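The residues of the chain are indexed from 1 along the displayed sequence. Because the structure is a prediction, the values reported are computed rather than measured.
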Amino acid sequence: MISVTLSHGNRLAAGVLTVLITVYIIVQPVVGVEYWSRVSAFKLLAVDKNGKGVTISVELGIVYPGTGSLKVLGEGSLASDTLDSIKLALWYASILADLDPSVIDTYIIVKEPVKIEGPSATVLFTLILVALMRGDPVNPSYSATGIVTPGGVIGGVGGVKAKFEAASEAGLKKVLASIMEPVDSPLYYPSITLLDAYYGFTGVNITSRVELIPQQLIAGNTILSGFNESYTYFINQYRVFNSLLPGAWSDHYRETAIYYYERALKAYEAGSHYLAASYAFTSFYNILASYLNHTSINNPAELPEKISYFMTEANSTMVNVENLLHNVTSRLLNKGAIDICIIDSLTSVYDRVLEVKRGITLINNVLNKTLHSPSIIYDVSYLYARSLTALKWLELASGIIYECGVNHLIDPGNLDPILDRLEEALRIHYAYLNDLTNSSMVLVMDESTNKLERLIHLLSALEDLASQFYSITGLENALPIYVNSTIYNILLDEYEELLSLLRESSVVTNTLPLSTLTLMELVNGNATVLGGNTYSATLILREFSRLYTYLYLARIQEWSETSNNIHTWLNIRMYIAYTSALLAVVGVLVMLTTGKTRSRATSLEITAWRNH
């Protein structure tokens with residue numbers, strides 16, 4: 001009878017290997033990580049070099065948990081601008097589905113030997129990624145075409161007619177496209193934003209509308225007192241400069257100033273506090289423009305001195321605002337947490353600072369050439385008044401006038417991962433806009449050592465990017481053309497759905513951004529006094545962008561701890577797998593080496609016994 005006995009080294013290797021495998025099997029369910037993968041096949045609509053519409057078979061899949069990788073597989077390939085569009089789609093999808101993109105792996109399989117170029121499938125990628133993240137079904141006979149603009153608004157693309165012809169030939173049943181690109185096709189499903197497009201694509205509502213009343217969300221109505229103070233200040237400034245003008249004097253600026261002055265009084269009486277302050281501000285800078293225009297006509301030699309005075313005052317106010325802003329952020333960093341409405345208010349201040357400083361630079365450049373342009377008078381008046389609003393808004397935000405409440409969003413001690421994520425989001429948005437416009441805008445980061453100031457800079461940069469996006473693409477002018485009462489009501493519904501998502505966040509319950517509160521006042525009040533649905537639609541469009549920014553801010557605060565745990569576990573799992581594989585190889589080699597040595601020793605023993 002022949003028997004094999006493991007040596008001590010073999011037993012040790014086998015024991016360690018057994019322990020590692022046991023730990024791997026036991027720890028996996030203990031950490032509570034759910035493993036899943038989902039994939040969706042669809043037809044991507046495109047146009048070939050001859051202008052003919054084509055459909056391309058594509059699959060998009062995600063694996064959880066993962067490391068945030070994005071891979072392109074299959075017979076075809078993607079151009080860099082298409083990859084940028086997928087990254088933007090991941091950003092929007094992660095916000096709507098509340099799934100951290102850094103803990104999934106995404107892969108796209110192009111099943112035909114073609115190169116996909118351009119960003120026109122951004123909305124399609126976004127809708128499918130949301131469905132995959134949420135686990136909602138996707139109908140393979142549905143498709144979509146369009147870009148995604150700030151705020152999740154769906155913009156138009158080229159070759160739409162050809163794409164719909166190709167979709168019809170391929171047997172598709174529905175194609176979602178921008179409302180700004182109406183198509184005479186039974187497949188056409190007009191879409192305004194990602195929220196209504198997702199419902200048309202899957203039949204699922206991501207969230208339900210919850211009607212919100214601003215006055216119910218303001219702690220002690222103290223924010224309203226800030227608006228009232230601004231109203232009173234600008235109304236008084238209007239009266240001062242109006243009194244400096246002759247009663248018989250009239251120009252376009254004065255007529256506009258009187259119009260908004262009367263509107264401000266009516267809004268204040270009606271309890272529309274933000275509208276009253278806004279109208280008072282508009283009446284002030286128009287009456288100041290009238291005052292300067294009067295000077296240019298009757299005392300032109302005095303105009304340069306007066307323009308210089310107001311520009312110097314505006315610049316001085318900006319220096320004071322920046323110093324105060326630094327003091328406020330430094331003070332807030334010492335608090336245990338910072339509320340979202342404080343962050344939003346400080347971001348609004350920073351927006352005004354940048355706007356006024358850019359305006360002063362432009363005006364100084366123009367002043368070196370001429371003093372007679374009517375636009376100079378208007379711009380100087382506006383920038384001077386704007387500098388004062390920055391100061392008033394900072395007073396409102398500083399906590400001197402009001403406290404936001406107890407619903408905190410940001411932990412000052414945990415800003416580094418938030419700043420990293422926001423910087424990456426900005427890079428994604430800049431790359432996407434550069435692709436769309438064939439431009440090369442460069443993102444300039446704030447190098448301040450004050451992390452809260454850097455946060456405010458990044459948030460302001462996202463809002464500024466949205467403004468540039470709307471301006472360059474013409475969306476802000478194009479959208480109102482298609483806004484009727486039905487579309488306007490859809491925009492309002494989706495606006496409040498986004499607010500609901502923000503409120504559902506575990507770290508934000510009642511407090512909302514000041515800009516949101518002011519727009520809600522406008523919407524719940526008489527929005528038509530500002531020019532009807534188109535004006536309000538434009539404001540809501542901008543507010544969509546702000547809400548996505550704050551939703552992202554809320555999401556990454558929630559994701560931080562979870563993603564760290566998952567990445568730590570994935571690393572541990574990888575080390576265990578590598579170590580197990582290494583020990584297995586070593587164990588086999590040890591066993592083989594020991595076995596040969598043992599066999600040789602046994603052979604020698606038998607020979608010696610026989611000789612004996």
Side-chain angles (χ1 to χ4, degrees), residues 150 223 226 317-358 386-387 389-405 407-427 429-430 443-468 502 507-508 511-518 542-543 545-557 560:
I223 294 177
T317 301
M318 286 301 94
V319 172
N320 291 334
V321 168
E322 288 183 294
N323 290 334
L324 286 171
L325 184 61
H326 178 74
N327 292 337
V328 170
T329 54
S330 298
R331 190 173 77 236
L332 287 172
L333 283 172
N334 295 323
K335 295 181 64 175
I338 307 170
D339 199 289
I340 187 175
C341 60
I342 282 286
I343 294 172
D344 179 64
S345 300
L346 295 178
T347 302
S348 297
V349 171
Y350 193 79
D351 291 341
R352 286 159 174 78
V353 170
L354 293 180
E355 180 184 11
V356 173
K357 291 177 73 173
R358 280 197 299 255
R386 202 61 167 163
S387 70
T389 63
L391 182 60
K392 289 297 177 183
W393 202 274
L394 182 56
E395 290 175 352
L396 181 63
S398 66
I400 297 172
I401 295 177
Y402 80 104
E403 290 291 338
C404 277
N407 302 295
H408 301 297
L409 177 65
I410 297 297
D411 175 9
N414 192 36
L415 285 176
D416 286 331
I418 293 174
L419 295 173
D420 291 341
R421 296 249 197 172
L422 284 174
E423 287 183 5
E424 179 60 24
L426 269 169
R427 290 190 184 95
H429 282 76
Y430 264 84
L443 173 62
V444 179
M445 295 299 182
D446 190 308
E447 300 300 329
S448 171
T449 56
N450 184 317
K451 293 181 181 180
L452 185 53
E453 287 185 11
R454 286 179 57 203
L455 173 65
I456 292 167
H457 166 77
L458 291 171
L459 294 174
S460 177
L462 276 170
E463 294 180 16
D464 187 58
L465 180 69
S467 297
Q468 293 184 62
L502 185 58
V507 290
V508 182
T511 308
L512 293 172
L514 281 178
S515 58
T516 296
L517 295 171
T518 56
R542 289 184 176 275
E543 203 57 27
S545 176
R546 295 172 67 89
L547 288 181
Y548 268 104
T549 298
Y550 285 109
L551 265 172
Y552 185 62
L553 200 57
R555 297 295 196 215
I556 58 182
Q557 183 81 346
S560 180

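- The distance from atom CG of Leu455 to atom CG of Leu459, rounded to the nearest 0.5 Å, is 4.5 Å.
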For this session: Could you give me the CA-CA distance, side-chain angles and deciding distance for Lys357 and Glu322, then say whether side chain to side chain contact (heavy atoms under 4.5 Å, CB included) is met?
Result: CA-CA 11 Å; Lys357 291 177 73 173; Glu322 288 183 294; 3.2 Å; yes
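- A distance of 6.0 Å separates CG of Leu325 from CG of Leu346, quoted to the nearest 0.5 Å.
- For Asp464 (side chain) and Ser460 (main-chain N/O), no donor-acceptor pair under 3.5 Å exists by modelled atom type.
- The shortest distance between side-chain heavy atoms of Leu354 and Arg358 falls below 4.5 Å.
- Residues Val328 and Leu452 have side chains not in contact (no heavy-atom distance under 4.5 Å, counting atoms from C-beta outward).
- Arg386 has its side chain within reach of Thr389: a pair of non-hydrogen atoms, C-beta onward, lies under 4.5 Å apart.
- Using a 4.0 Å cut-off between charged side-chain N and carboxylate O, Asp416 and Arg454 make no salt bridge.
- Looking only at side-chain heavy atoms (C-beta outward), Leu458 and Ile418 stay at 4.5 Å or farther from each other.
- Distance check, rounded to the nearest 0.5 Å: CG of Leu333 to CZ of Arg331 gives 11.0 Å.
- Between Tyr350 and Glu453, the closest side-chain pair of non-hydrogen atoms is not below 4.5 Å.
- Atoms CD and CG, from Glu424 and Leu419 in turn, are 13.5 Å apart once rounded to the nearest 0.5 Å.
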For this session: Go through Leu391 and Leu324 one step at a time and tell me if the side chain to side chain contact (heavy atoms under 4.5 Å, CB included) criterion holds.
Result: CA-CA 9 Å; Leu391 182 60; Leu324 286 171; 3.9 Å; yes
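- Between Asp351 and Thr347 the shortest side-chain heavy-atom distance falls below 4.5 Å.
- Looking only at distances, a side-chain donor or acceptor of Ser330 sits under 3.5 Å from a matching main-chain atom of His326.
- To the nearest 0.5 Å, atom OG1 of residue Thr549 and atom CG of residue Leu422 are 8.5 Å apart.
- Annotation: the span from Leu553 atom CG to Tyr548 atom OH amounts to 16.0 Å, rounded to 0.5 Å.
- Taking the side chain as every heavy atom from C-beta outward, Ile556 and Pro417 never approach each other to under 4.5 Å.
- A side-chain donor-acceptor contact under 3.5 Å links His429 to the backbone of Ala425.
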